[in-house]
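No hydrogens, no waters, no symmetry mates; every other heavy atom, side chains included, goes into these values. Note that this is a predicted model, so its numbers are computed, not measured.
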Protein chains: 2
Amino acid sequence: MDENCSCTLTDSEIERIKNDLPGDEELYYLAELFRIFGDPTRVKILYSLFDMELCVCDIATLCDISQSSASHHLRTLRANKLVKFRRNGKTIFYSLADDHVRSIMGQGMEHVEE
Amino acid sequence: MDENCSCTLTDSEIERIKNDLPGDEELYYLAELFRIFGDPTRVKILYSLFDMELCVCDIATLCDISQSSASHHLRTLRANKLVKFRRNGKTIFYSLADDHVRSIMGQGMEHVEE
DNA sequence: CAATCATATGATTAAGTGTTCATATGTTCA
DNA sequence: TGAACATATGAACACTTAATCATATGATTG
């Protein structure tokens with residue numbers, strides 16, 4: 001049982017499938033993307049931004065979190081290009097980066113709602 | 001700055017938007033779903049199952065992980081209904097639970113590939 | 001039934017993560 | 001320029017989590 005079972009696939013089949021898998025780096029980035037979505041506070045933030053831009057303070061109020069917590073999470077979301085922002089005086093407005101974000105949220109919600 | 005900033009939204013607007021957000025329980029489950037995808041080993045397992053069923057041993061070999069690690073992850077994936085399984089004698093074959101899983105993986109990959 | 005194969009589980013440990021508190025940065029306005 | 005506001009950042013701590021090792025379960029075969 002140590003390395004190869006005798007269940008089904010031959011070594012050459014294993015090798016072929018292995019080559020078809022996305023590379024480790026690609027998988028790493030994909031996992032990282034999903035990890036960002038994998039926190040209740042962050043998905044809440046993302047939902048609050050679903051169809052409007054909001055300043056940090058309003059996001060914090062809407063999501064029942066501290067300003068600091070909101071800012072930390074927004075930093076994470078920004079670093080992973082899930083949100084973008086623009087400055088207007090003292091205020092910084094955040095919004096979803098693109099429609100992929102909405103799609104991913106939607107697909108996830110569909111799966112959860114079953 | 002403690003609770004309400006004077007940026008943009010009024011209290012009543014805040015209240016209205018807040019009511020439109022998904023409930024905390026829903027957000028929790030959604031985040032949990034994404035958290036499962038948020039591990040490189042697990043996405044690799046999911047990709048190995050993208051278009052075929054595989055036994056635990058082959059999954060472990062394909063993903064360069066131990067049998068124990070594979071089993072633990074498959075347990076997690078199973079608990080969250082991302083994979084299903086069937087027994088055939090000693091062997092247990094795993095496969096993706098449904099097309100939502102493929103969709104989510106696909107959407108994520110699109111976002112990563114930009 | 002005993003041995004073997006395939007998989008599952010429990011405990012332990014090291015690494016990662018979110019929140020909080022305190023403080024810093026940057027902008028506006030008087 | 002100084003005060004007030006909006007946001008960002010750093011450090012500390014509690015909590016979670018993935019990998020590993022050892023062992024258990026469950027099924028087949030002789």
Protein-nucleotide distance (A:Arg75, atom CZ; C:dT25, atom C1'), rounded to Å: 13 Å
field: Between B:Arg78 and B:Tyr94: side-chain donor-acceptor atoms closer than 3.5 Å
entry: yes
- prompt: Between B:Arg35 and D:dT16, does any side-chain N or O lie under 4.0 Å from OP1 or OP2?
  reply: no
query: Using a cut-off of 4.0 Å on non-hydrogen atoms, how would the nucleic acid contact of B:Thr91 be classed: base, sugar-phosphate, or nothing?
result: sugar-phosphate
- request: Would you mind reading off the distance between B:Asn88 atom CG and D:dT29 atom P, rounded to a whole angstrom?
  value: 11 Å
message: Tell me the interatomic distance from A:Arg86, atom CZ, to D:dA6, atom P, rounded to whole angstroms.
response: 16 Å
message: With a cut-off of less than 4.0 Å, is there a side-chain N or O of B:Arg78 near OP1 or OP2 of C:dA8?
response: yes
query: Between A:Arg42 (CZ) and C:dT17 (P), how many Å, whole number?
result: 9 Å
task: Taking atom OH of A:Tyr29 as the centre, report whether more than 12 heavy atoms of other residues, nucleotides or ligands fall under 6.0 Å from it.
output: no
message: Under 4.0 Å, counting only non-hydrogen atoms across every strand here, what does B:His72 touch: a base, just sugar-phosphate, or nothing?
response: base
task: Measure the distance from CG on B:Asp64 to P on D:dT20 and round it to the nearest whole Å.
output: 11 Å
task: Examine C:dT7: is either OP1 or OP2 under 4.0 Å from a nitrogen or oxygen in the side chain of B:Arg87? Give yes or no.
output: no
task: Choose from C:dT7, C:dT9, D:dT7 the nucleotide whose nearest atom is closest to any side-chain atom of A:Ser71.
output: D:dT7
message: Is it the case that the side chains of B:His100 and A:Gln107 hold a donor-acceptor pair, with the cut-off being a distance below 3.5 Å and no angle test?
response: no
Options C:dG18, C:dT20, D:dT7, nucleotide nearest the side-chain atoms of A:Ser66: C:dT20
Validation row: B:Leu30, A:Phe37 side chains within 4.5 angstrom (heavy atoms): no
task: Output the single nucleotide from D:dA8, D:dT9, D:dA19 whose closest atom is nearest the side chain of A:Ile92.
output: D:dA8
task: Check the distance between C:dA6's C1' and B:Ile59's CD1 and give it to me in whole angstrom.
output: 12 Å
message: Using 0.5 Å steps for rounding, measure from the CG atom of A:Asp39 to the CD atom of B:Glu32.
response: 12.0 Å
field: Any donor-acceptor N/O pair under 3.5 Å between D:dT9 base and A:Ser68 side chain
entry: yes
task: Report the distance from atom NZ of A:Lys90 to atom P of D:dA6, rounded to the nearest whole Å.
output: 5 Å
task: Tell me whether the OP1 or OP2 atom of C:dA6 has a side-chain N or O from B:Tyr94 closer than 4.0 Å.
output: no
- prompt: Is the shortest side-chain N/O distance from A:Thr41 to OP1 or OP2 of C:dT19 below 4.0 Å?
  reply: yes
- prompt: Whole Å only: how far is the CD1 atom of B:Ile36 from the C1' atom of D:dT17?
  reply: 11 Å
task: Kindly say if A:Ser69 contacts the phosphate of C:dG18, meaning a side-chain N or O under 4.0 Å from OP1 or OP2.
output: no
- prompt: Just checking, B:Arg102 and B:Phe50: is the charged tip under 6.0 Å from the six-membered ring centre and within 45° of the axis?
  reply: yes
message: Nearest to the A:His73 side chain among D:dG26, C:dG18, C:dT19, which nucleotide is it?
response: C:dT19
field: Donor-acceptor pair (no angle test) under 3.5 Å: B:Gln67 side chain, C:dA8 base
entry: yes
